[in-house]
Amino acid sequence: MNVDMRLKRWVCIALGCLPLLPGCKGTTGSGTYGELGAGTFNYVCINPGDAVCSGNNAIDSFLVRRDLGRSGAIPDAIAVGSVFSLDYEGGSFENDIDRIVAAHRGDELGAEEFSIEQPAEASFLAVKNFDEVEDFVVVVAKEAVVLKIWVDEATPEHVQMQVGETLDVTVASMDEDEHLLGGALPYAWQSMNARVLGLTAPSNTHVVDALRNEGDVVLHAKELGASVVRVSSGDLGAELFVEVKP
Amino acid sequence: MNARSVGLRQKLGSTVLVGLICLVACQRESHVQITTRTTLRGEQAATNQALELQVGQAMGIHVDAVKKRAIKPKWKVSATSSNTSVVSIGRADDKNVFVVAGVAEGTAEIEFSFRNRRVQIPVTVLPREDWEPTAEEFAFGGAGGWGGYGGSL
């Protein structure tokens, strides 16, 4: 444990985290303390379908803060089958062979790419020198039971746009208690009337009628009429009726 | 057989006996004291005699060497798993803190060693609970206003 981490831990104790020792579990400004308190784990989005890294502020900001946490912190829960990554800061965890591994190899998709296939509390270990464990963190996976399309921090069924206007929307998965879930699911977006309404990914200006694996999407009102935007992931789905006016 | 050789034989016999008793006694006296360093989660249990956790879980434990009922805090303890495809164990620091992880369902032993002594602790890794998805298939076509715009879509 380096001086910086010792300092953080003592500050944590001083702030009243004593009952939670030894891990002094909680979130730092840019991550989540490991269970042993030796360092911090940072949540990393590896796909733009992850609501944790949504960039257009369409999701209710209260729910984002409550369920997904601050930047870098591990969300309260991620969706079963979603993908995510982690990195770690702390101690002597800096040489080339250091890595983060899942306690259960089945929770690993590839090098530091993770996915939990059923509801579970899964541990992820910061390993150094092949067999030493610097610290570990627990990620909770819950089943996503609903998708919602968010517009201006609400989930309307119907919106109106003017010809030439654009609108930022975001899809997010939620559990049975209507808590937002982290992790990227494979999403398929479709505008059911491409003549009236087109879609673009935030990083692209090419307007299309279908997109895949995006969480944030920009709607483009092309001409007068109506369309429905549909997004699906497995059995889950959501739709938004869009009326385009002059 | 004279009196001297009988005496020698008796001495030898009692020495061997004492040695055997000591050997057995010393082995039984040496064990470990395990204290958890992380909050136990569901399905986790830790005693000085056994550990239990679920697939995918990990727990931090502090292990003290014990000899003649006395903890030897300065003795360095090492640990290895008898089956790393079921249980893995890694050292977390120089103060005998280890992280035990449930890799796959099954049983294995962790061997703690210190000062030429070895203690085996059984570890049970329980399976994750059975699960079937409960989410119902979404029925598209219910977006507000869809019916009213049938002609324009």
Quiz item: Looking at NE2 of B:H62 and CD of B:Q33, how far apart are the two atoms once the value is rounded to the nearest 0.5 Å?
Solution: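 If we round to the nearest 0.5 Å, B:H62:NE2 and B:Q33:CD are 9.5 Å apart.
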Quiz item: Between CD of A:E176 and CD of A:E143, what distance do you get to the nearest 0.5 Å?
Solution: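 If I round to the nearest 0.5 Å, the distance is 7.5 Å.
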Quiz item: chain A heavy atoms under 4.5 Å from B:V125: which part of the residue, side chain, backbone, both or neither?
Solution: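 Neither part, no heavy atoms under 4.5 Å.
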Quiz item: Can you say whether B:Q54 sits under 4.5 Å from chain A via the side chain, the backbone, both, or neither, judging by heavy atoms?
Solution: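 Nothing of B:Q54, per the 4.5 Å heavy-atom cut-off to chain A.
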Quiz prompt | Verdict with supporting geometry, A:Y187 and A:L211, side chain to side chain contact (heavy atoms under 4.5 Å, CB included) | solution = CA-CA 8 Å; A:Y187 292 122; A:L211 284 170; over 6 Å; no
Interface moiety of [X] toward chain B, non-hydrogen atoms closer than 4.5 Å:
{"X": "A:V80", "result": "side chain"}
{"X": "A:L224", "result": "neither"}
{"X": "A:V231", "result": "backbone"}
{"X": "A:E108", "result": "neither"}
{"X": "A:D107", "result": "side chain"}

Practice problem: Look at A:P156, A:A102, A:A238, A:A144 and state which one has the largest set of heavy-atom pairs under 4.5 Å with chain B. | Solution: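 Counting heavy-atom pairs under 4.5 Å, the top option is A:A238.
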Exercise. Give the ring-plane orientation class for A:F84 versus A:Y43, where under 30° counts as parallel, over 60° as perpendicular and anything between as tilted.
Key: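 Correct class here is parallel.
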Exercise. Check the pair A:E35 / B:R41 against salt bridge (charged side-chain N to carboxylate O under 4.0 Å, His left out), numbers first and verdict last.
Key: CA-CA 12 Å; A:E35 294 287 310; B:R41 293 179 172 266; 3.7 Å; yes
Quiz item: Taking only residues two or more places apart in sequence or in another chain, which ones pass side-chain contact (heavy atoms from CB on, under 4.5 Å) with A:V140?
Solution: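 Counting only residues at least two positions away or on another chain, A:V140 forms a side-chain contact (heavy atoms from CB on, under 4.5 Å) with A:A77, A:E121, A:K142.
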